[in-house]
Protein chains: 2
Amino acid sequence: MNKAAIAPILGADARMQRPGSVTQQIKNYILLNKLKPGDPMPTETELCTAIGVSRSSVREAMRQLATLDIVEIRHGHGTFVGQLSLAPLVEGLVFRGVLSPGDDLTALKEVVDVRVALDLAMAGELTARLKGTVNPDLDALVDDMERQSSAGESFAEIDREFHSVLASRLGNRLVQQLVTAFWEVHTAVYPQLGLAPASDIEDTVLAHRSMVRAAESGDAEALQAAIVAHYAPLKRALGSLDT
Amino acid sequence: MNKAAIAPILGADARMQRPGSVTQQIKNYILLNKLKPGDPMPTETELCTAIGVSRSSVREAMRQLATLDIVEIRHGHGTFVGQLSLAPLVEGLVFRGVLSPGDDLTALKEVVDVRVALDLAMAGELTARLKGTVNPDLDALVDDMERQSSAGESFAEIDREFHSVLASRLGNRLVQQLVTAFWEVHTAVYPQLGLAPASDIEDTVLAHRSMVRAAESGDAEALQAAIVAHYAPLKRALGSLDT
DNA sequence: AAATATTTGTACGTATGTATA
DNA sequence: CTATACATACGTACAAATATT
């Protein structure tokens, strides 16, 4: 275990620390050493000596970076560069969603509207990429969804997978993560508001099939129509009047 | 040992704390007391006694919540409920943007594509809302932009304001925050990559005016065209070939 | 204008739980 | 099973910023 050769760079000047600069220095360490997600980070004590601050400060900075998924802390094992996911976005928006609705369901409505907007924005590129293809994986997911739905079971995870896979066809990983993130916010906030579940979920299930068919046939407008139909029961349940 | 199902209010059970549960208890405190952004939080020492953990633990939890903008810490003054902004999203994406491009500019390209997608998704609703109106504030911003541009000055802040004001017309605050957030990511990452600034920025400036005119005249397709034109110089500079 | 009280920021020491070799 | 390395937690003391008297 070669532990002497940490920190090629890192605070040549160990004195004179400004608040927050510890976090920045750890980020710089990752950048300067070109670390990728999953790579091991120095131990906390090593960072202490390298940066020249106390353990507490390093720990607070690491917690901060961990909440941003810039580092990942595994108890008793070590710290590693994080996956840089959108988890903090989800956590923040979920909190906002369950906090704000003292008055209205605006927070959740806005999330759903963002989901619709993202899906609609994907439509053009998606049809261009899926036209003339067959997509057995997506069809299999819709099959599962139908089975679960007619059995009265929840199909949340399958739904999530469907939208994630569909978005992955775009080739833009950020968009895919956003789609998944807002899906998570939506499904996390919804049950906490004590609303009746959307009644005609059958329409939602069928709409998934329509989306695949429309994309495969290269009909962007049909895809957009299917997307709107997909969200219609939900928006009805939320009493959305806009858009 | 009894491990789960806590949160009666705060600190009924002072022993047996799991990692992360302190954060959750503080969030519960905000929710149960229906605090709004800007409301004062208890002091750290008060939280210590209330939750029954040490100050260090409370501090780490607070730092975590502060990075999510769920609380705001003011040195020597106190802690307050945060604005629940999308700042953590911006911070994470900026870091990803400057970290990943060892190979390519994909991270930045994806951000720009999201910006385009969001703007295009706004087009329909925006024209519906702006049709037949006059918008001197937006025009004034474009005027300023033209002045700055022809003087060779940067107009980043004005540009930001323009897109923020435009998005605010939607009535969906989340969309507005997303638009602003991705603007920030874009402008924060771009200069760190050592690229030449986009050459024909004049076109970008003019496109802003076209966007306002198109929306005011209720022509959604013209608005979408203006949006595409707005991003064209940038996408050329990035060498984007897709979409 | 200056001293003081309150509150957050930093540092350090120590003990304990936990995963790995 | 033991030993080791590491993360987690606690407590205290002091520094720095802010507000109040």
Side-chain angles (χ1 to χ4, degrees), chain A residues 1-7 10-11 13-26 29 35 38-82, chain B residues 1-4 6 10-11 13-26 29-30 35 38-83:
Chain A
M1 199 58 159
N2 171 9
K3 55 190 317 186
I6 37 160
L10 244 197
D13 196 339
R15 51 202 182 275
M16 192 84 206
Q17 294 292 345
R18 277 172 310 290
S21 88
V22 180
T23 307
Q24 194 55 49
Q25 290 201 50
I26 296 176
Y29 176 86
L35 300 183
D39 287 349
M41 292 282 294
T43 70
E44 292 186 351
T45 42
E46 284 172 334
L47 284 173
C48 290
T49 62
I51 306 182
V53 294
S54 81
R55 189 90 187 283
S56 324
S57 306
V58 169
R59 277 190 58 74
E60 287 184 7
M62 288 297 250
R63 281 284 274 249
Q64 195 172 343
L65 294 174
T67 67
L68 294 175
D69 204 9
I70 288 178
V71 305
E72 180 190 350
I73 306 178
R74 284 210 284 269
H75 191 156
H77 192 198
T79 53
F80 304 82
V81 178
Chain B
M1 198 52 168
N2 165 12
K3 60 164 287 196
I6 36 157
L10 247 192
D13 196 337
R15 55 200 181 276
M16 194 81 209
Q17 295 291 345
R18 277 168 316 294
S21 95
V22 179
T23 307
Q24 194 55 50
Q25 290 200 49
I26 296 175
Y29 175 87
I30 297 175
L35 300 184
D39 288 349
M41 293 281 294
T43 69
E44 292 184 352
T45 43
E46 284 171 336
L47 286 173
C48 290
T49 62
I51 305 181
V53 294
S54 78
R55 177 138 177 256
S56 321
S57 306
V58 168
R59 278 191 57 75
E60 286 187 7
M62 290 297 250
R63 281 282 278 246
Q64 200 171 340
L65 293 174
T67 68
L68 294 174
D69 204 11
I70 288 178
V71 306
E72 181 190 349
I73 307 178
R74 285 210 281 268
H75 191 166
H77 190 198
T79 38
F80 305 82
V81 178
Q83 300 299 315

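The sequence lines fix the lettering, A, B, ..., with proteins before strands; numbering per chain opens at 1. Side chains are part of it too, since the values below use all heavy atoms of this structure and drop only hydrogens, waters and symmetry mates. As the structure is a prediction and not an experimental result, all values here were calculated from the model.
- For the atom pair CD of B:Gln25 and CD1 of B:Ile30, the computed distance is 12.5 Å after rounding to the nearest 0.5 Å.
- In this structure, A:Ser57 and B:Pro42 both approach DNA chain C, and ranking their closest nucleotides by distance from the 5' end singles out B:Pro42.
- One interatomic measurement links the two molecules: CG of B:Leu47 to P of C:dT6, which rounds to 18 Å at whole-angstrom precision.
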*Could you walk me through whether A:Leu35 and A:Phe80 pass the side chain to side chain contact (heavy atoms under 4.5 Å, CB included) test, one step at a time?*
CA-CA 9 Å; A:Leu35 300 183; A:Phe80 304 82; over 6 Å; no
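- Atom P of nucleotide D:dT8 and atom CZ of A:Arg74 are separated by 12 Å, given to the nearest angstrom.
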*Tell me, for nucleotides 11-16 of chain D in 5' to 3' order, what letter each nucleotide earns: B for a base near a protein heavy atom under 4.0 Å, S for only sugar-phosphate near one, - for neither?*
B-B--B
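- The interatomic distance linking B:Arg63 (CZ) with D:dA9 (P) rounds to 16 Å, in whole Å.
- Considering only side-chain atoms of A:Ile73, the nucleotide from D:dA9, C:dT8, D:dA7 that sits closest is D:dA7.
- Residue B:Arg59 places no side-chain N or O under 4.0 Å from the OP1 or OP2 atom of C:dT8.
- Taking atom CD of residue B:Glu60 and atom P of nucleotide C:dT8, one finds them 16 Å apart after rounding to whole Å.
- How far CD1 of A:Ile73 is from CZ of A:Arg63: 7.0 Å, rounded to the nearest 0.5 Å.
- If you take CZ of B:Phe80 and C1' of D:dA19, they are 11 Å apart, rounded to a whole angstrom.
- In this structure, A:Glu72 atom CD and D:dA7 atom P are separated by 13 Å, rounded to whole Å.
- Remark: C1' of C:dT6 and CD of B:Glu46 are 11 Å apart, rounded to the nearest angstrom.
- Nucleotide C:dT7 is matched to D:dA16 when pairs are restricted to Watson-Crick or G-U wobble geometry with both distances under 3.5 angstrom.
- Within the 4.0 Å cut-off from OP1 or OP2 of C:dT8, at least one side-chain nitrogen or oxygen of B:Thr79 is found.
- Annotation: side chain to side chain donor-acceptor pair (under 3.5 Å) contacts of A:Ser56 (sequence neighbours excluded): none.
- With sequence neighbours left out, A:Thr79 forms a side chain to side chain donor-acceptor pair (under 3.5 Å) with no residue at all.
- Smallest separation of non-hydrogen atoms from A:Ile26 and A:Met41: CG2-CE, 3.7 Å.
- B:Arg55 meets the side chain to side chain donor-acceptor pair (under 3.5 Å) test with B:Glu44; sequence neighbours excluded.
- As rounded to whole Å, 14 Å separates atom P of C:dA11 from atom CD of A:Glu44.
- Checked against D:dT18, C:dT10, D:dC6, the side chain of B:His77 finds its nearest nucleotide in D:dT18.
- If you check every strand for non-hydrogen atoms under 4.0 Å, B:Thr45 touches nothing.
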